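A quick write-up on the structure given underneath.
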Amino acid sequence: MPDHDEWLWGWDPTPGIVSVWAEPSGHATVWRRVGGELRVEHARFRPWAVVDRIDDVRRPGLGVRELAGDGELRWLVDADDARRLAHVRDRPTTLILPPDEQYLVRSGRTYFRGLGFDDLRRMQLDLETTGLDPGRDRILMIAVRRPDGSATTIEGDEADLVRRLVAEVRAEDPDVIENHNLHGFDLPFLVQRARALGVALALGRTDEPGLRQRGARRGVTSGDGEPRIRYVAPGRELIDTLDAVVRHDFATRDLPEHGLKAVARHLGLAGADREVIAGDRIAHVYATDPERVRRYARADVEEVAGLARMLGGPAFALAQMAPRRYERLADAGPATGVIDPLLVRAYLRAGTALPLHRPGTGEPHAGAALHLFASGVAHRIVKADVASLYPSLMRTYRIGPARDRLGALLALVERLLDLRLEAKAKGRAAPAGSAERHRHEAMSAAMKLVINSAYGYLAAGALTRFSDVEAANEVTRRGREVLHLMCRELAARGVTLLEADTDGVYFAVPETWTEADERRVVDDVAALLPSGVRLELDGRYAAMLSHEPKNYALRAYDGTLVLRGVAFRSSRAEPYGVAFLRAAIDRLLVGDVPGVRTAYLASIAALRRRDLTAHDVATLVRLSRTPAAYAEQRAERRELAYEALLAESRGWEVGERVRVYRTTGGGAALARDGARDYDVDHYVRLLRTQFAARLARAFTADDFAVVFADPDQLALFTVPLETIRPILRREEG
DNA sequence: TCATACCGGGG
DNA sequence: GTGTACGGTATGA
């Protein structure tokens, strides 16, 4: 019986590894932090590869071992130097990892054994520049936060500034260098400026004068068609907090945007007196008030340090499991980046042959179920959903990759589901804010990441070694089955189904029901589901406006309004319309139809009296054409934003965002403070066609016409508003 | 109108 | 040897 914990954690107990660097020569350097002190160790390893045939492979100096089982990749070859493996490297079927991963996989070592996140020596750095283009702009200042928490800024002549940064990094000797968008901005900018200035950028722990590169999907490119890369500093881990933010937001989906300032504010990391300077004003402010820029830059590195600690735990925890460098696990996709390396290590540890990567079978992959049962307004809403539906189904029905003869993926999922519950419980038991709690929560989040991507791994086609579309289809089929069963059994117990999506369902309960009744019906249905599939009551709301699939508004029992979907939240939507929509839905969901009408009339009146500003009616447009490109298309199709810019004879840059509105007489203008010369009729029309229309499902056609009748036209046959009731209508399918 | 391509960030 | 956990927006047919 293979040891599943070895599959999960590796087996070599060596503690304190904070960085690994390996060369094709078979030489590995391992940096370990033991009792706070850094130790550098040198090790030899035999570079290896796994191949599917050895007829032309056997030659002197090459070790060959046959692996067990029926996988095609059954010959493990190794040598004292990777150059001896050159002849197998170019075969498309060969499994050959980067040297550092070869070392970690075969040694069974991983990063950070016995270390906590706070044991790392972490340093943050942030560039302030005159602009975004290193070909044209230059560095004004570099803010640095040292491992001891002190922050400083480096200024002066640019070449000198880069030299002093390098000296600072080498003197402080951090294990980790962090910043927000480090790989997307600071490092590429620094590399290009250092090259232009002829300064050596020796940021690593080896004596190399510059940085190395690795391919990375979310990296930078040096030009059209050039591959995307990220930089590597041997001996240190280059960590981008933007990666951690993106990963965090995938799980929570609660961040309004991913910029440092916004995230820091959202997570409560920003100080009340946080200095703020718009990016394009930095150079100007630096010339007039450099102290302000210093405060700003120091705040940046402080926030990055806080953010890295708050959101960097999962990557730290993953590095204790998977045989890859910490910085690779920080930006890796979970299927190819975490699970595949775990499986490869498990197979080699078990001495078992691996299957070949298979191109996509062409078998279409059927996805999740989505139903809209009813649209309009409903009250006493309950949301019930299944936690971790897909991995639960994989475990319950033993759905794993057909070619995974060891059953390693299912074994990992199973073990992680249990260990995660333990980690969650330990986290809850630890004091709030303690390092112990941080450790357990980070571990739990890392495990959740792996668990939830096990299904994505199956469906990943040619990208993952054990992918299996049939198995993935079986998971979604079971998922649809569970959702269907849930809906049927809920409906049979007297609730009104509204919308169901993948693993959750919204429904309305009868007027007489108490909260206990709601919980009971969820528990009753939960008991009918397959064991291992846990249905839970996820939320309760006073009312819901169901508009279209994935587009709805909820009113919580405390009166808070939640709007979901493009129909209700769009960055381009004119602010006056959004404000109307919120006010109208707020009234609608308490059954106050006259209030809806009042909100509508108030918006029209505000437009007509020009109480609103141009800013209120303007739409936000991102410019995607150059002035030349627009000039070419202008004869065929005119666009408001560019017309406004031309009318003001102002140039623009692609990517710029502007607020534009239609002026009296049909012209276009950029919104600016105080302007009110907007086309009232146009915006009154828009209010009805674009915004009021989103309440159409809530009324019969006749009632809708009454509620949103033109205030100037006296209807002849009209019903009193007080008698109109919002409706709920059944949808087909 | 509908599909699909692209973006998210940094000064 | 980069990578199929999304959701909004911009674009083309």
Side-chain angles (χ1 to χ4, degrees), chain A residues 89 92 94-98 101 126-134 136-141 179-189 213-221 227-230 240-243 245-247 249-251 253 255-263 277-286 293 296-297 300 328 331-341 357 360 365 367 390-391 448-465 467 469 472 502 550 564-567 569-573 620-625 639 655 657:
Chain A
R89 157 166 237 122
T94 298
L95 164 63
I96 187 157
L97 302 175
E101 293 178 20
D126 183 49
L127 265 50
E128 303 304 330
T129 68
T130 58
L132 296 171
D133 177 3
R136 201 176 52 198
D137 301 306
R138 65 191 170 81
I139 306 168
L140 292 172
M141 176 192 288
N179 193 26
H180 203 67
N181 205 16
L182 176 71
H183 286 286
F185 178 71
D186 299 80
L187 287 175
F189 201 104
Q213 301 181 357
R214 63 180 165 97
R217 171 76 173 261
R218 297 179 44 226
V220 290
T221 170
R228 291 185 170 276
I229 59 111
R230 285 187 170 204
D240 193 332
T241 48
L242 180 56
D243 294 326
V245 164
V246 168
R247 189 176 267 176
D249 199 33
F250 265 126
R253 223 157 289 147
L255 295 175
E257 49 194 316
H258 294 164
L260 175 64
K261 283 80 177 167
V263 174
I277 308 174
D280 58 5
R281 303 266 308 145
I282 302 263
H284 174 76
V285 175
Y286 187 66
V293 181
Y296 168 81
D300 273 7
R328 291 287 292 106
D331 70 31
T336 53
V338 182
I339 295 182
D340 247 340
H357 257 132
H365 177 43
Y390 286 175
K448 182 178 178 177
L449 192 91
V450 177
I451 291 166
N452 286 346
S453 51
Y455 156 74
Y457 182 94
L458 291 179
L463 296 180
T464 53
R465 185 162 295 278
S467 72
V469 191
T502 313
K550 296 184 190 241
R564 292 261 164 76
V566 264
R569 42 187 311 172
S570 153
S571 67
R572 286 190 313 173
L620 185 64
V621 177
R622 188 188 154 94
L623 304 175
S624 58
R625 296 180 220 291
E639 291 179 44
R657 282 195 170 91

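Please read these numbers as outputs of a predicted model, since none were measured by experiment. In what follows, every chain begins at residue 1, and chains take the letters A, B, ... in the order their sequences are listed.
Of the candidate nucleotides dC6(C), dG11(B), dG9(B), dG11(B) has the atom nearest to the side chain of Leu132(A). The Glu257(A) side chain lies nearest to dG9(B) when the options are dG11(B), dC6(C), dG9(B). Side chain of Leu463(A), nearest nucleotide from dG9(B), dG10(B), dT4(C): dT4(C).
Among the atoms of the strands shown, only primed sugar atoms or phosphate atoms (P, OP1, OP2) are found under 4.0 Å from some heavy atom of Ile282(A). If you check every strand for non-hydrogen atoms under 4.0 Å, Leu127(A) touches sugar and phosphate atoms only. Within 4.0 Å (heavy atoms only), Gly259(A) reaches sugar-phosphate atoms of the nucleic acid but no base atom. If you check every strand for non-hydrogen atoms under 4.0 Å, Arg328(A) touches sugar and phosphate atoms only. Thr129(A) comes within contact range of the sugar-phosphate backbone alone, with a heavy-atom separation under 4.0 Å but no base atom that close. Nucleic acid contact for Asp243(A): none, since no nucleic acid atom lies under 4.0 Å from a heavy atom of the residue. Arg89(A) comes within 4.0 angstrom of sugar-phosphate atoms only, judged by non-hydrogen atoms across all strands, and of no base. If you check every strand for non-hydrogen atoms under 4.0 Å, Gly215(A) touches sugar and phosphate atoms only. Nucleic acid contact for Asp280(A): base, since at least one base atom lies under 4.0 Å from a heavy atom of the residue. Backbone-only contact: Lys261(A) has heavy atoms under 4.0 Å from sugar-phosphate atoms and none from a base. Using a 4.0 Å heavy-atom cutoff across all strands shown, Leu140(A) reaches no nucleic acid atom at all.
The distance from atom OH of Tyr296(A) to atom C1' of dG11(B) is 7 Å, rounded to the nearest whole Å. What separates CZ of Arg218(A) from C1' of dC6(C) is a distance of 13 Å, to the nearest Å. Here the P atom of nucleotide dG11(B) and the CG atom of Asp133(A) are 15 Å apart, to the nearest Å. Between Glu101(A) atom CD and dT2(C) atom C1' the separation is 12 Å, expressed in whole Å. One can place CG of Asp331(A) at 10 Å from P of dT2(C), the figure rounded to the nearest angstrom. Per the geometry, CZ belonging to Arg228(A) stands 10 Å off P belonging to dG8(B), to the nearest Å. Across the protein-nucleic acid pair, Tyr455(A) atom OH and dT4(C) atom P stand 14 Å apart, rounded to whole Å.
Between Gly184(A) and Val220(A), the closest heavy-atom pair is O-CG1, 3.7 Å. Scanning both residues, Pro188(A) and Leu182(A), for their nearest heavy atoms gives CD-O, 3.8 Å. The two atoms that bring Leu132(A) and Asp137(A) nearest to each other are N-OD2, 3.2 Å, heavy atoms only.
Toward the 5′ end of DNA chain C lies the nearest nucleotide of Arg465(A), the other residue of the pair Gly333(A) and Arg465(A) mapping further downstream.
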With 3.5 Å as the limit, what N/O pairs link the protein to nucleotides 1-3 of chain B?
none

